Amino acid sequence: MFKHSRAAIGVIAVCLAILTLTACSAPQTAAQPPRADEAPASAGEGAKYTNAVQGTADQVSFEATSGSGASQAERKIIREASLDIECDDARSVYGQLSDYAGTLGGHEFSYDIQNFDTYAVINAVLKVPPERLGDVVARAEELGKVINSRMGSEDITNEYYDTETRLESKRQSLQRYYALLEKADSLDGVAEIMRIIDGITEDIEAAEGSLKLMNELAGMATVTLYIRQENDPVKIEKEINWSALSLSDIGTIVGNGLTALTSGIVTFFEWVLIVLAIA
């Protein structure tokens with residue numbers, strides 16, 4: 001019986017040791033800092049709390065999402081071309097260019113025509129897929145005389161993804177403030193949180209608008225057309241011819257100027273003498 005008692009005591013000792021180890025490894029919840037989404041205890045604390053979170057929420061979210069880097073994402077490049085065209089029939093040339101852009105997946109963005117007695121002037125903008133911009137320029141050169149042309153591009157990749165990252169950060173902050181709003185226990189706390197929510201909402205709408213615009217600009221290239229006819233009295237000049245004066249021409253101009261100046265002075269004094277004589 002003594003042996004059975006010793007065995008029971010041993011089992012009890014093992015159980016006590018296990019319970020002790022479990023208690024030591026359990027998290028000490030009393031020492032944990034308050035959660036970020038806990039409601040403030042009073043209106044004054046609520047204002048201080050929301051102001052503190054506003055400065056840190058965006059930073060934490062931005063650092064968490066900024067690792068995606070624009071280098072591994074789709075490039076965002078704005079491509080555009082500007083063409084000054086001279087032709088026999090402005091309406092016909094523009095119609096063919098517009099139809100050609102449509103076959104490439106593009107469309108007319110704006111159109112303005114000035115009709116005169118014997119000629120027309122057209123200002124228009126076409127939108128075409130960026131990879132087909134060169135095809136439209138080549139087609140314009142076939143249909144008329146391209147007097148002036150300009151092609152360019154702008155890489156907005158960094159700006160686009162920076163805006164996208166900050167937009168996501170603002171959305172996360174907005175959700176946190178909505179959670180705080182549900183737990184606010186005073187009118188002052190509600191008013192302070194609503195003021196912050198309104199500001200974040202405006203920032204989100206502005207960022208969404210910027211992203212939409214950049215997507216549209218990068219998604220389709222812009223072709224600006226200025227088309228005049230051959231019989232236009234004010235034609236597009238491709239080159240400006242400069243002519244320098246020779247030394248003899250300069251001498252003649254200076255001599256004529258001095259002669260005119262001297263003649264003017266003599267005439268002035270003649271009239272003064274006439275007036276004095278009359279007086």
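The figures here come from the full heavy-atom set of this structure, side chains too, leaving out hydrogens, waters and symmetry mates. Note that the structure is predicted; figures quoted are calculated from it, not measured.
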Go through it in stages, so that I can follow the logic: the residues are I196 and E192, the test is side-chain contact (heavy atoms from CB on, under 4.5 Å), and I'd like the CA-CA distance, side-chain angles, deciding distance and then a yes or no. CA-CA 7 Å; I196 297 174; E192 174 69 11; 4.0 Å; yes

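- In summary, the side chains of N158 and K76 do not present any donor paired with an acceptor at a separation below 3.5 Å, with no hydrogens or angles considered.
- A salt bridge between E205 and K170 is absent, with no side-chain N of the basic residue lying under 4.0 Å from a carboxylate O of the acidic one.
- By the 4.0 Å N-to-carboxylate-O rule, E80 lies close enough to R150 to be salt-bridged with it.
- Closest non-hydrogen pair, I85 versus G144, comes out as CG2-CA, 4.1 Å.
- Between E230 and E86 the shortest heavy-atom distance is OE1-OE2, 3.1 Å.
- Shortest non-hydrogen contact noted between A120 and A90 is O-CB, 3.8 Å.
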Could you check M214 against E159 for side-chain contact (heavy atoms from CB on, under 4.5 Å), going step by step and ending with a plain yes or no? CA-CA 9 Å; M214 286 188 281; E159 179 183 357; 4.0 Å; yes

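- Salt bridge status for D198 with R195: absent, with no side-chain N to carboxylate O gap under 4.0 Å.
- At least one side-chain heavy atom of V146 sits less than 4.5 Å from a side-chain heavy atom of S149.
- Residues satisfying the salt bridge (Lys or Arg N to Asp or Glu O under 4.0 Å) criterion with D88, sequence neighbours excluded, are absent altogether.
- Shown here for L126 and L97, the closest heavy-atom pair between the two residues is CD1-O, 4.0 Å.
- Residues satisfying the salt bridge (Lys or Arg N to Asp or Glu O under 4.0 Å) criterion with E164, sequence neighbours excluded, are absent altogether.
- Identified under the ring-ring contact (aromatic ring centres under 6.0 Å, His included) test for residues 81-108, with sequence neighbours left out: Y94-Y111.
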Set out, in order, the CA-CA distance, both residues' side-chain angles and the distance that settles side chain to side chain donor-acceptor pair (under 3.5 Å) for T157 and D155, then state yes or no. CA-CA 6 Å; T157 304; D155 192 335; 2.6 Å; yes

Begin from the C-alpha positions of Y226 and R228 and carry the test side chain to side chain donor-acceptor pair (under 3.5 Å) through to its verdict. CA-CA 7 Å; Y226 183 64; R228 286 181 177 270; 2.4 Å; yes

